[in-house]
Amino acid sequence: MRLLLYGGTFDPPHNGHLNNLRAAAARVRPDRVVVMPAGLSPFKQSTAAPGSARVEMCACFRALEAEGAVPALCVSGWEVEQAALGRRNYTVLTLEMLARTYPEAELYMAMGSDMLLSFDSWHRWQEILRLARLVVTSRNVGDAPELHAKAKQMDPTGARILFAQVEALPMASSNLRSRLAAGEACENELPALVRRVIRREGLYRADRGESGNHESETGKGACARPVE
């Protein structure tokens with residue numbers, strides 16, 4: 001069984017995230033996809049939206065299951081639960097948990113290209129590569145040579161870092177938070193379910209000071225569209 005992990009802050013999740021996951025799934029054709037909102041990233045102190053709301057908003061990814069892009073998709077609140085217990089989370093710990101839960105599975109992890117460029121600074125990154133193959137999607141036109149050079153440096157065999165065929169689609173949660181705080185609906189970028197949760201919970205309002213930049217190690221800039 002192939003299991004594809006897609007993690008990130010998802011603060012909020014947007015259509016770029018869906019396109020990225022669609023491209024990664026087309027590359028590796030997993031039997032199961034796990035979408036996991038970050039709890040408390042090692043690179044930040046907080047998120048704008050609470051964990052429970054981000055888990056709820058990530059139900060928007062189930063549209064990929066409905067359209068046939070993935071055969072089975074679940075949203076896991078495991079990292080959010082770890083944060084509630086006061087535990088910082090690292091990607092390697094999540095992968096270790098998945099390896100225990102699905103001992104028969106081949107693990108894959110989707111990430112954006114900018115994350116690959118800093119991947120060798122991650123906590124226990126060599127162990128991450130042992131546990132899972134990376135599926136990298138590019139967010140910038142023309143960055144392939146730099147990406148492939150970095151991948152070869154960390155994975156000389158080329159067996160552990162894979163690339164999804166994509167067309168760049170720049171979109172960032174930080175920019176959307178700023179636009180939401182300014183009163184925009186962002187209907188072209190945010191799935192309807194996400195907009196409903198934002199309205200109901202009053203998220204990202206300017207009076208709450210929640211338009212800052214809080215990207216995660218697995219989700220920053222993860223916005224790609226499969227090549228036509």
Side-chain angles (χ1 to χ4, degrees), residues 4-14 16-21 23-24 27-28 34-48 54 79-80 82-83 87-99 107-178 212-225:
L4 175 63
L5 169 67
Y6 187 37
T9 309
F10 303 128
D11 193 19
H14 51 66
H17 291 131
L18 270 72
N19 282 329
N20 182 74
L21 180 53
R27 173 66 177 83
V28 301
V34 176
V35 173
M36 191 175 300
L40 184 59
S41 167
F43 299 106
K44 69 170 66 65
Q45 298 301 316
S46 65
T47 55
R54 291 183 292 111
E79 288 195 8
V80 169
Q82 297 301 296
R87 300 170 184 167
R88 279 187 177 272
N89 193 73
Y90 291 94
T91 298
V92 67
L93 302 180
T94 299
L95 289 170
E96 288 175 341
M97 180 277 292
L98 290 173
L107 300 181
Y108 294 79
M109 185 175 73
M111 67 162 54
S113 59
D114 51 349
M115 291 293 92
L116 179 66
L117 295 176
S118 63
F119 179 68
D120 53 2
S121 68
W122 289 23
H123 181 63
R124 293 170 56 194
W125 68 269
Q126 296 97 332
E127 187 68 8
I128 292 175
L129 272 186
R130 186 189 70 79
L131 289 164
R133 292 179 175 87
L134 306 186
V135 187
V136 181
T137 53
S138 171
R139 70 181 300 213
N140 298 311
V141 175
D143 62 5
E146 184 181 13
L147 287 178
H148 285 271
K150 187 69 173 182
K152 187 173 183 180
Q153 173 188 330
M154 294 184 291
D155 174 34
T157 68
R160 307 302 295 178
I161 300 178
L162 313 177
F163 289 87
Q165 293 296 311
V166 295
E167 177 185 345
L169 179 62
M171 191 180 299
S173 294
S174 55
N175 176 261
L176 293 174
R177 288 195 298 272
S178 296
N213 186 2
H214 300 289
E215 298 289 5
S216 78
E217 69 174 31
T218 51
K220 182 180 179 183
C223 315
R225 179 174 60 199

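Just so it is clear, the structure is predicted and the values come from calculations on it, not from any experiment.
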Participant: Side chains of Glu79 and Asn89: any donor to acceptor distance under 3.5 Å?
Facilitator: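 On atom types as modelled, these side chains qualify, holding a pair under 3.5 Å.
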
Participant: Say you draw a straight line from CZ of Arg27 to CG of Leu4; how long is it, rounded to the nearest 0.5 Å?
Facilitator: 11.5 Å

Participant: Mind checking whether Asp120 and Gln153 have side chains closer than 4.5 Å, heavy atoms only?
Facilitator: yes

Participant: Just wondering, do Arg177 and Pro12 contact through their side chains at under 4.5 Å, heavy atoms?
Facilitator: yes

Participant: To check you understand the geometry: which heavy-atom pair defines the closest contact between Val136 and Ser113, and what is its length?
Facilitator: CG1-CA, 3.8 Å

Participant: Is any side-chain heavy atom of Ile128 closer than 4.5 Å to a side-chain heavy atom of Tyr90?
Facilitator: no

Participant: In the structure I gave you, are the side-chain heavy atoms of Phe163 and Leu116 within less than 4.5 Å of one another anywhere?
Facilitator: yes

Participant: Could you grab the distance from atom CE of Met171 to atom CG of Asn20, nearest 0.5 Å is fine?
Facilitator: 11.5 Å

Participant: Is there a side-chain contact between Met97 and Gln82 (heavy atoms, below 4.5 Å)?
Facilitator: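 Heavy-atom side-chain distance check fails, nothing below 4.5 Å.
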
Participant: With heavy-atom distances below 4.5 Å as the criterion, would you say the side chains of Leu131 and Leu98 are in contact?
Facilitator: no

Participant: Which atom pair, heavy atoms only, marks the closest approach of Thr137 to Ala164?
Facilitator: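 Heavy atoms only, the tightest pair is CG2-CB, 3.5 Å.
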
Participant: With a 4.5 Å limit on heavy-atom distance, are the side chains of Ile161 and Phe119 in contact?
Facilitator: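 Ile161 does not reach Phe119 side chain to side chain.
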
Participant: So which heavy atom on Leu117 is nearest to which on Lys150, and how close?
Facilitator: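 Shortest heavy-atom separation between Leu117 and Lys150 comes out as O-CE, 3.3 Å.
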
Participant: State, to 0.1 Å, how close Gly39 and Arg54 come at their nearest heavy-atom pair, and which atoms those are.
Facilitator: O-NH2, 3.8 Å

Participant: Apply side-chain contact (heavy atoms from CB on, under 4.5 Å) to Leu93 and Arg124, showing your working.
Facilitator: CA-CA 10 Å; Leu93 302 180; Arg124 293 170 56 194; 4.1 Å; yes

Participant: Please verify the inter-ring angle class for Phe10 with His17; under 30° counts as parallel, over 60° as perpendicular, anything in between as tilted.
Facilitator: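 Phe10 and His17: perpendicular rings.
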
Participant: Restricting to non-hydrogen atoms, name the atom on Ala159 and the atom on Asp155 that form the minimum distance, rounded to 0.1 Å.
Facilitator: N-OD2, 3.1 Å

Participant: Write down the atom of Ala38, the atom of Val80, and the distance for their closest heavy-atom approach.
Facilitator: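 Looking at all heavy atoms of both residues, the shortest contact is O-CG2, 3.8 Å.
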
Participant: Got Glu96 and Val92 here, is their nearest side-chain heavy-atom distance under 4.5 Å?
Facilitator: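 In short, these two side chains touch, coming nearer than 4.5 Å.
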
